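Structure, as structure tokens:
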2 protein chains.
Amino acid sequence: MHKRENVSMSVVRRLPRYYRFLHHLKVTGVTRISSTELSKKLGLTASQIRQDLNCFGGFGQQGYGYMVGQLCDEICKILGLSSGYKTILLGAGNLGRAIANHMSFQAEGFQLIGVFDNSPDKIGTTIGGLTVSDVSGLEDFCKERLPIMAVLCVSRSAAEQLAKILYDLGIRNFWNFSHYDIYLKYPDTTVENVHLNDSLMTLCYRISNNSISAKKEEKPEQQISD
Amino acid sequence: MHKRENVSMSVVRRLPRYYRFLHHLKVTGVTRISSTELSKKLGLTASQIRQDLNCFGGFGQQGYGYMVGQLCDEICKILGLSSGYKTILLGAGNLGRAIANHMSFQAEGFQLIGVFDNSPDKIGTTIGGLTVSDVSGLEDFCKERLPIMAVLCVSRSAAEQLAKILYDLGIRNFWNFSHYDIYLKYPDTTVENVHLNDSLMTLCYRISNNSISAKKEEKPEQQISD
DNA sequence: TAGATTGTTAATCGATTAACAATC
DNA sequence: TAGATTGTTAATCGATTAACAATC
């Protein structure tokens with residue numbers, strides 16, 4: 001694992017797909033794969049795959065290809081999937097519940113250690129194996145447990161308030177499902193936004209303007225389950 | 001509204017943000033805005049905004065800027081947000097519930113007309129104002145009501161089975177939250193994938209490799225609530 | 001009119017693809 | 001060895017940014 005500098009987000013966003021696909025192959029018992037085979041299954045070019053992987057190191061062998069297990073492990077390391085970053089989730093609505101379950105059964109580098117809400121309906125219920133706490137206990141909790149990441153499954157206005165509190169408590173990483181733009185206010189944070197509305201509106205555009213051009217622009221976003 | 005050919009996905013994916021932001025301005029009572037002002041608020045260049053908008057028409061006035069209300073309406077039309085495409089949702093788990101509520105209060109071009117699940121726990125419950133039906137009634141329902149879009153909030157294997165059924169029933173548009181790759185099998189479909197796992201793994205990478213380069217690559221993805 | 005800001009063309013930048021020497 | 005496939009450099013393509021004439 002050499003280089004690792006100036007890796008563009010275009011490359012980084014393809015890594016999870018590589019990982020997932022390789023993991024699937026590994027489980028299936030495939031031990032070896034060439035960039036060409038991989039490219040066909042992923043709908044990318046072999047060239048791109050080799051370029052991408054070589055941002056991180058030379059994991060293949062000329063004339064042979066890549067060892068599936070080894071490459072999968074390398075990407076796992078690159079992504080930092082065994083980091084177990086301590087994480088809290090704010091907002092125990094349907095989305096929060098879905099995310100909490102999702103995160104608990106997908107060991108993807110994070111460890112959910114607390115869930116908070118301000119609604120009496122939700123406080124005390126269990127989600128993702130954790131009891132929902134009153135948001136009034138957030139500060140003490142953070143000072144004691146020192147989470148480094150927060151998932152925001154709350155409204156825009158709640159997100160705005162919470163971002164300030166969490167930032168002041170030292171949290172710099174956010175998985176943000178709200179419309180509030182954390183990054184604008186706090187440029188030294190790492191924010192991954194999930195904008196469901198945008199995705200849906202984009203789909204609406206694509207359906208409404210169902211021209212060949214619109215369709216062919218979109219790369220097939222292939223996925224393999226893990 | 002002229003041109004509308006060869007509009008790249010890069011442009012299309014920015015439209016929802018423009019729309020949301022302009023809508024917010026409109027509500028706030030702002031009537032006029034220049035590309036420069038807009039660019040500052042969105043973290044884009046003025047040039048890019050003008051380029052993007054001019055894919056669809058010349059909506060501005062030299063020396064003046066853009067009329068917020070008019071531009072907002074135009075983008076609304078471009079996106080097709082009043083289409084009310086008849087939509088069904090498959091999978092009434094937490095994610096399905098969250099999505100159903102989301103879609104019902106966001107009039108974003110779709111009209112949810114049915115929700116299906118195969119679990120006796122869920123059948124008969126209400127989500128997003130609709131009663132969850134047994135998936136055994138899916139075929140009859142589709143033949144009668146003719147939905148054109150399906151939201152898949154189910155597991156990979158269920159998605160694989162359902163995609164076939166839905167495709168055979170004539171559905172060609174999917175909002176896909178599963179890992180199953182519909183587009184690979186059915187290339188004449190329009191699929192918008194939401195890959196929560198990928199998003200989370202990308203965040204894990206960014207935290208693990210928290211270099212300046214990794215951070216600056218990512219454009220601030222600013223959002224404004226609507 | 002003068003100032004401002006668009007629409008659009010040209011220049012730059014970055015990402016993808018092609019090609020091929022290195023080498024297993 | 002011969003065949004295959006990588007790692008990497010060069011060429012191409014597309015998207016973003018800069019510049020400026022048009023014009024409100």
Side-chain angles (χ1 to χ4, degrees), chain A residues 1-15 17-18 22 30-68 70-71 74-75 78 213-214 216-221, chain B residues 1-15 17-18 22 30-68 70-71 74-75 213-221:
Chain A
M1 213 187 296
H2 50 143
K3 321 174 197 182
R4 185 83 65 101
E5 270 174 44
N6 302 324
V7 178
S8 77
M9 278 306 290
S10 306
V11 174
V12 172
R13 292 204 181 280
R14 280 191 293 269
L15 291 178
R17 286 181 63 203
Y18 293 151
L22 288 163
V30 179
T31 55
R32 201 211 116 188
I33 196 157
S34 71
S35 59
T36 307
E37 288 174 87
L38 209 47
S39 74
K40 278 174 194 155
K41 309 222 187 199
L42 288 165
L44 303 171
T45 63
S47 219
Q48 182 166 61
I49 291 172
R50 293 201 302 275
Q51 283 273 30
D52 285 356
L53 296 178
N54 280 295
C55 291
F56 303 98
F59 303 128
Q61 281 200 340
Q62 278 103 328
Y64 180 83
Y66 299 87
M67 298 292 291
V68 169
Q70 187 215 321
L71 185 55
E74 290 289 355
I75 297 179
I78 292 164
S213 61
K216 82 178 170 207
E217 288 287 346
E218 183 75 337
K219 288 267 176 59
E221 294 182 22
Chain B
M1 211 187 297
H2 47 142
K3 321 174 199 184
R4 184 82 64 102
E5 272 174 44
N6 302 325
V7 178
S8 77
M9 279 305 293
S10 306
V11 174
V12 172
R13 293 204 179 280
R14 280 191 292 270
L15 291 178
R17 288 181 61 204
Y18 294 150
L22 287 163
V30 179
T31 55
R32 200 211 118 188
I33 196 157
S34 70
S35 57
T36 307
E37 287 174 87
L38 208 47
S39 74
K40 279 174 194 154
K41 308 222 187 197
L42 287 165
L44 303 171
T45 63
S47 219
Q48 182 165 63
I49 292 173
R50 293 202 302 276
Q51 284 273 31
D52 285 356
L53 296 178
N54 280 297
C55 291
F56 303 98
F59 303 126
Q61 280 201 342
Q62 277 104 327
Y64 181 83
Y66 299 86
M67 296 293 289
V68 170
Q70 188 217 320
L71 185 55
E74 290 289 354
I75 298 180
S213 61
K215 288 186 92 173
K216 82 178 168 205
E217 287 288 345
E218 184 73 335
K219 287 267 176 60
E221 292 180 24

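Given the structure is predicted, the values throughout are model-derived calculations rather than measurements.
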Length of the line joining [X]:[atom1] and [N]:[atom2], which is rounded to integer Å:
{"X": "B/L44", "N": "D/dA18", "atom1": "CG", "atom2": "P", "answer": "13 Å"}
{"X": "A/F56", "N": "D/dT8", "atom1": "CZ", "atom2": "C1'", "answer": "16 Å"}
{"X": "B/R13", "N": "D/dG14", "atom1": "CZ", "atom2": "P", "answer": "18 Å"}
{"X": "A/Q48", "N": "C/dA18", "atom1": "CD", "atom2": "C1'", "answer": "13 Å"}
{"X": "A/N54", "N": "C/dA15", "atom1": "CG", "atom2": "C1'", "answer": "16 Å"}
{"X": "A/D52", "N": "D/dG7", "atom1": "CG", "atom2": "P", "answer": "12 Å"}
{"X": "B/L42", "N": "D/dT16", "atom1": "CG", "atom2": "C1'", "answer": "16 Å"}
{"X": "B/R32", "N": "C/dA4", "atom1": "CZ", "atom2": "P", "answer": "11 Å"}

Are side-chain heavy atoms of [X] and [Y] found at a separation under 4.5 Å?
{"X": "A/Y66", "Y": "A/L53", "answer": "yes"}
{"X": "B/L44", "Y": "B/Y18", "answer": "yes"}
{"X": "A/L71", "Y": "A/I33", "answer": "no"}

Closest contact, heavy atoms only, [X] versus [Y]:
{"X": "A/L15", "Y": "A/I75", "answer": "O-CG2, 3.9 Å"}
{"X": "B/A46", "Y": "B/S39", "answer": "N-CB, 3.3 Å"}
{"X": "B/I49", "Y": "B/S35", "answer": "CD1-O, 3.9 Å"}
{"X": "B/L22", "Y": "B/V68", "answer": "O-CG1, 3.5 Å"}

Interface polar pairs with nucleotides 10-13 of chain D, N/O, under 3.5 angstrom:
none

Considering only heavy side-chain atoms of B/S34, the closest of D/dT5, C/dT16, C/dT6 is C/dT6
Residue A/R14, side-chain atoms from C-beta onward, closest of D/dT16, C/dT5, C/dT16: C/dT16
Below 4.0 Å: OP1/OP2 of C/dG7 and any side-chain N or O of B/Y66: yes
Phosphate OP1/OP2 of D/dT6 contacted by A/Q61 side-chain N/O (<4.0 Å): no
Base, sugar-phosphate, or nothing for B/S35, non-hydrogen atoms under 4.0 angstrom? sugar-phosphate
Which part of the nucleic acid, if any, lies within reach of B/S47 when heavy atoms closer than 4.0 Å are counted: base, sugar-phosphate only, or nothing? base
Listed partners of A/Q70 passing side chain to side chain donor-acceptor pair (under 3.5 Å), at least two apart: none
Determine the stems involving DNA chain D; a stem requires 3 or more consecutive pairs of the Watson-Crick or G-U wobble kind, each with both distances below 3.5 Å, and the answer is none if no such run exists. C:3-24 with D:3-24
Close N/O contacts between protein and nucleotides 20-22 of chain C (under 3.5 Å):
none

Test your reading of the model: is there a side-chain donor-acceptor pair from A/R32 to the backbone of A/G65, 3.5 Å cut-off? no
A/E37 side chain to A/S34 backbone, donor-acceptor under 3.5 Å: yes
Between A/E37 and B/Y64, just flag the one whose closest nucleotide in DNA chain D comes earlier from the 5' side. A/E37
Residues in salt bridge (charged side-chain N to carboxylate O under 4.0 Å, His left out) contact with B/R14, at least two apart in sequence or another chain: B/D52
Give every residue pair that meets the salt bridge (Lys or Arg N to Asp or Glu O under 4.0 Å) criterion with at least one member in residues 54-68 of chain A, sequence neighbours excluded. none
